Amino acid sequence: MLIAQISDPHMRAAGQLYQGLVDSNTMCAAAIATLNALDPQPDLVLLSGDVVDTGTPADYAQARHVLDRLRAPLLAIPGNHDAPEGFRRCFAGQPGLAASGPLHVDWSGDGPLRVLGLDITVPGAHHGRFDAAAEDWLARALARAPDRPVLLMMHQPPCDIGIGCIDAYRCFGEDRLAALLARHPRVQRVLCGHVHRLTMRAFGGTLLLTAPSTTTAIALRLAPGAEPASHVEPPALLLHHWREGAGLTTHHLPIGAHPGPFPFF
Ligand SMILES: [Fe+2]
């Protein structure tokens, strides 16, 4: 079973640049083209938040236009740049999307993996919060199929990752989430966005990853107090490949066409 992950495309109304810098709409379209060219095709594509940049209807109209080109099924959760009602309209009909309230996702297909997506956004804020209501929703969802392997998707990582400017806007409530995950060892990954770069660390007895953005990267500045900045780095996506007996392997794939293939020997 193959599950792809793209993140933080920050799409904007047609013709507008993201951060006045790059055409995030065209960059997301390039990600979609990379996904559509995969062989085998992914069984599912995850979009881990910040679908759009400013949350306007025009942003979401453009997002719908770009995402409609994707061949594989799509499962999205909101990030801190999304607007709840605009998001709900854009993704109406998405399997497993809660009809009202928080935009959590509970997805079960025919394959071995199940996907749970958490909406941990806080209105008007850039940080997230895993509160008692989210804990209750996730605990109930995990209890429904405790032996099935799960990918848990959420936008802000529930822990610091060592880049100060983004750690200030992480998802708070990490202790209650870590304790819940420790009781569910079948959670294979916590898959996040928000950081706009690939990072990985242990969390709650499992592996937490943050996916690269399809647009700009947040500067890798590890010095305490460093000013935030963006870089136009090569964008990328993740492929989570489940094989029976081996479990889950995650691959990092740069977006776009690159020279090759060449003979290896
Ligand atoms: Fe973002």
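Since we're looking at a predicted model, the values are computed, not measured. Both counts, for ligands and for their atoms, begin at 1 and track the order of listing.
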Judged by modelled atom types alone, do Ser7 and Ser213 share a side-chain donor-acceptor pair under 3.5 Å?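 Distance-only check fails for Ser7 and Ser213.
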Check whether the side chains of Asp50 and His194 place a donor and an acceptor atom closer than 3.5 Å, and report yes or no.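 No donor-acceptor contact under 3.5 Å links the two side chains.
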Residue and atom names of protein N/O/S atoms that fall under 2.8 Å from the Fe ion (ligand 1):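 The answer, once waters are left aside, is Asp8 OD2, His10 NE2, Asp50 OD2, His196 NE2.
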Is the number of heavy atoms from other residues, nucleotides or ligands under 6.0 Å of Tyr169 OH greater than 12?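 For Tyr169, atom OH is not crowded (no more than 12 foreign heavy atoms under 6.0 Å).
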Looking at Arg69, is its backbone amide N or carbonyl O close enough to the side chain of Asn36 to form a donor-acceptor pair, meaning the two atoms are under 3.5 Å apart?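 Such a contact is found between Asn36 side chain and Arg69 backbone.
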Tyr18 ring center near His10 ring center (under 6.0 Å):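 Yes.
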If we only count heavy atoms from C-beta on, is the Thr216 to His231 side-chain gap below 4.5 Å?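 Not touching, per the 4.5 Å side-chain cut-off.
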